[in-house]
Amino acid sequence: MSITSIFSIALGAILVENFVLVQFLGICPFLGVSKKQDTAIGMGLAVTFVMGIASLVCWLVNYYVLVPLNMEFMQTVAYILIIAALVQFIEMFLQKSMPGLYLALGIYLPLITTNCAVLGVVLLNTQKNYNLLESTVYGITGGLGFLLAIVLFASVRERLDASAEYPKAFDGFPVALVSAGLLSLAFMGFSGLKVW
């Protein structure tokens, strides 16, 4: 495996196949926690951590437990249990060490368990038949792509809240959806990008 293939996986996960803005996975926390940049950064880092560790652990469980026992049909259940355990660990860590961020994330922190972007990354690792390093890189950079998307969206929403330059009918959630659509269109410009 070359550094070019790793770079290609990373660039693909962050820009070309961004989980939120291109594949439309993980929209609930993307829209719910993106009102302020500090909470968006916290959520993005938490999702990045969960995606990276879940990719590593799920690959190990799949390769060393499920495949040898011919239990590949249990992949989704096993992956969800692993993700739930990781999110519980993060929730306890944030509650003890960063209570302000824990309170700001609110209900969206436990919802990382059911975030389809996290489950999507581990299922795509299996589907694409990535090895351990590729799976881990894809998970971490997929989380970094989520972080990039949510931070960009939070900065757009903060600027929109500071100005009243749009029609009153778009106030609140409608302007957020329009902004998310425009940001998604910007990321669609990366489609077809290849790293040689």
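The cluster map of Ile, Leu, Val, Met, Phe, Trp and Tyr, joined by side-chain heavy atoms under 4.5 Å apart, puts Val87 and Leu119 in the same cluster. With hydrophobic clusters built from ILVMFWY side chains whose heavy atoms lie under 4.5 angstrom apart, Met74 does not share a cluster with Tyr63. Transitive grouping of hydrophobic side chains (ILVMFWY, heavy atoms separated by less than 4.5 Å) brings Met98 and Leu45 into a common cluster. A single hydrophobic cluster is not seen to contain both Val67 and Phe73; linkage of ILVMFWY side chains at heavy-atom distances under 4.5 Å, directly or through other members, places them apart. In the hydrophobic clustering of ILVMFWY residues, with side-chain heavy atoms under 4.5 Å counting as a link, Val178 and Val156 come out together.
For Thr136 (side chain) and Leu132 (main-chain N/O), a donor-acceptor pair under 3.5 Å exists by modelled atom type. Counting only distance, with no hydrogens or angles, the side chain of Arg157 and the backbone of Leu31 share a donor-acceptor pair below 3.5 Å. For the pair Trp59 (side chain) and Tyr130 (backbone), a donor-acceptor distance under 3.5 Å is present. Proximity of a side-chain donor or acceptor of Asn18 to a complementary backbone N or O of Gly145 within less than 3.5 Å is detected.
Around atom CD1 of Ile3, no more than 12 heavy atoms belonging to other residues, nucleotides or ligands sit under 6.0 Å away.
Looking at heavy atoms from C-beta onward, Ser184 lies in side-chain contact with Phe24 at the 4.5 angstrom threshold. Using a 4.5 Å cut-off on side-chain heavy atoms (C-beta onward), Ile80 and Gln75 make no contact. Looking only at side-chain heavy atoms (C-beta outward), Leu160 and Ser179 come within less than 4.5 Å of each other. In this structure, the side chains of Thr76 and Leu123 come closer than 4.5 Å at one or more pairs of heavy atoms. You'll find the side chain of Leu124 reaches within 4.5 Å of the side chain of Gln127, heavy atoms only.
If you take CG on Asn129 and OG on Ser135, they are separated by 8.5 Å, rounding to the nearest 0.5 Å. Distance CG/Leu148 to CG/Leu183: 8.0 Å, rounded to 0.5 Å. Separating the CG atom in Leu147 from the CD1 atom in Ile14 is a distance of 9.5 Å, to the nearest 0.5 Å. Between atom CD1 of residue Ile140 and atom OG of residue Ser55 there is a gap of 8.0 Å, rounded to the nearest 0.5 Å. Summarising the geometry, atom OG belonging to Ser5 is positioned 8.0 Å from atom CG belonging to Leu133; distances are rounded to the nearest 0.5 Å. Taken to the nearest 0.5 Å, the CE atom of Met51 stands 12.5 Å off from the CG atom of Leu86.
Sorted by first and then second residue, the pairs that involve residues 11-33 and meet salt bridge (charged side-chain N to carboxylate O under 4.0 Å, His left out), not counting sequence neighbours, are Glu17-Lys128. Annotation: ring pair (Phe, Tyr, Trp, His ring centres under 6.0 Å) contacts involving residues 78-102, sequence neighbours excluded, are absent.
When all heavy atoms of Ala40 and Ala154 are compared, the closest pair comes out as CB-CB, 3.7 Å. In this structure, Ala149 and Leu21 approach most closely via the heavy-atom pair CB-CD1, 3.7 Å. The minimum heavy-atom distance between Val33 and Thr39, with the atom names listed, is O-OG1, 3.3 Å. Between Thr141 and Ala13 the shortest heavy-atom distance is OG1-CB, 3.3 Å. Ser155 approaches Gln37 most closely through the heavy-atom pair CB-NE2, 3.1 Å. The minimum heavy-atom distance linking Thr48 with Leu144 is given by the pair OG1-N, 3.6 Å.
Here the rule is ring-ring contact (aromatic ring centres under 6.0 Å, His included) with Phe19, and of Phe187, Phe146, Tyr138 only Tyr138 fits it.
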* To do: Check the pair Val20 / Ile27 against side chain to side chain contact (heavy atoms under 4.5 Å, CB included), numbers first and verdict last.
  => CA-CA 6 Å; Val20 178; Ile27 298 293; 4.1 Å; yes

